[in-house]
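Every heavy atom of this structure was used, including side-chain atoms; hydrogens, water molecules and symmetry mates were not.
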Amino acid sequence: MKRILIIEDEKSLVRFIQLELEHEQFFVRAAYDGISGLQLALKEEWDLILLDIMLPHLDGVEVCRRLRNVKGTPVIMLTARDGLEDRVQGLDSGADDYIAKPFDIEELLARMRAIFRRIEQRDHQDRAILTFRDITVDLDARVITRGGNPVELTKREFDLLAVFMKHPNLVQTRDMLLDLVWGYDSLVERNVVDVYIRYLRNKLDVPGEESVIQTVRGMGYVMRP
């Protein structure tokens, strides 16, 4: 069952969409402002997000931009603003599609199906293997090698490394890593991230060479070529 997140402040519209999608056998959850919507989008895994632009506390464009710094979850923008500039702004923020209100539910379902088809075709063509320098991570088999030699990691270490491998050159703050690896509502302290970074460095780094995971003072950590 595919999981859909609706981030929209118009509750009557949310209820209408939710009922229609649940009738189509989707699992649906909703958030009614930008901040709680972004938190839910980062905390859990979703197959698609329906995102309004005009939201309280944090607008949809900014929600999409922040989401794209961490995840590639497909996003369809829902908005009453249908000008060319608005469409361009929404798509440039990282949205996969854009639909103007009011819309027919059949059109929304068709656009959702089109996105799911593209994802299925891409996933069929590409194996879930990530490479960086001489490090290779097979996400499906959960196998890591460096220079052709296997590296044994715990589940948490593997998940942490996978975040960096998926987003090279992107600085990850401690809070971002806590959300992605331990979960947004986890009770662990922020310094646990530093501990696990040290574990990874001990297992991955080559003596005399620059660390694979570099510290960005005052911000967090990053993998750079």
* Quick check: does any side chain N or O of Asp47 sit under 3.5 Å from a backbone N or O of Arg3, one acting as donor and the other as acceptor? -> yes
- Task: Look at the side-chain heavy atoms of Ile, Leu, Val, Met, Phe, Trp and Tyr, link any pair under 4.5 Å apart, and say whether Val212 and Val143 land in one connected group.
- Result: no
Q.
Membership question, hydrophobic clusters at under 4.5 Å side-chain separation (ILVMFWY): are Val171 and Met223 in the same one?
A. no
- Are Val216 and Leu161 connected in a single hydrophobic cluster, I mean Ile/Leu/Val/Met/Phe/Trp/Tyr linked by side-chain heavy atoms less than 4.5 Å apart? no
When Leu58, Leu55, Leu40 are each screened for side-chain contact (heavy atoms from CB on, under 4.5 Å) with Ile35, the one that passes is Leu58
Residues Met165 and Pro168: closest non-hydrogen pair is O-CD, 3.4 Å
side-chain contact (heavy atoms from CB on, under 4.5 Å) test vs Arg174 passes for just one of Asp194, Asn191, Asp179, namely Asp194
If we ignore hydrogens and angles and just use 3.5 Å, is the side chain of Arg156 paired with the main-chain N or O of Val181 as donor and acceptor? yes
Whether Arg146 side chain and Val151 backbone form a donor-acceptor pair below 3.5 Å
no
- Do NZ/NE/NH1/NH2 and the carboxylate oxygens of Arg142 and Asp159 come within less than 4.0 Å? yes
- Message: Using 30° and 60° as the class boundaries, would you call the ring planes of Tyr221 and Phe164 parallel, tilted or perpendicular?
- Response: perpendicular
Q. Does Arg224 offer a backbone N or O that forms a donor-acceptor pair with the side chain of Arg133 under 3.5 Å?
A. yes
Next item on the list: Without swapping roles, check the side chain of Thr215 against the backbone of Arg217 for a donor-acceptor pair under 3.5 Å.
Entry: no
Is there side-chain contact between Arg113 and Arg117, with at least one heavy-atom pair below 4.5 Å?
yes
Problem set entry | Any donor-acceptor N/O pair, Lys11 side chain to Tyr32 backbone, under 3.5 Å | no
Is a donor on one side and an acceptor on the other found under 3.5 Å between the side chain of Glu8 and the backbone of Glu10?
yes
For the side chain of Glu62 and the backbone of Asp59, is there at least one donor-acceptor N/O pair under 3.5 Å apart? no
Notebook entry, point to check: Hey, is the main chain of Lys71 close enough, under 3.5 Å, to the side chain of Arg68 for a donor-acceptor pair?
Noted result: yes
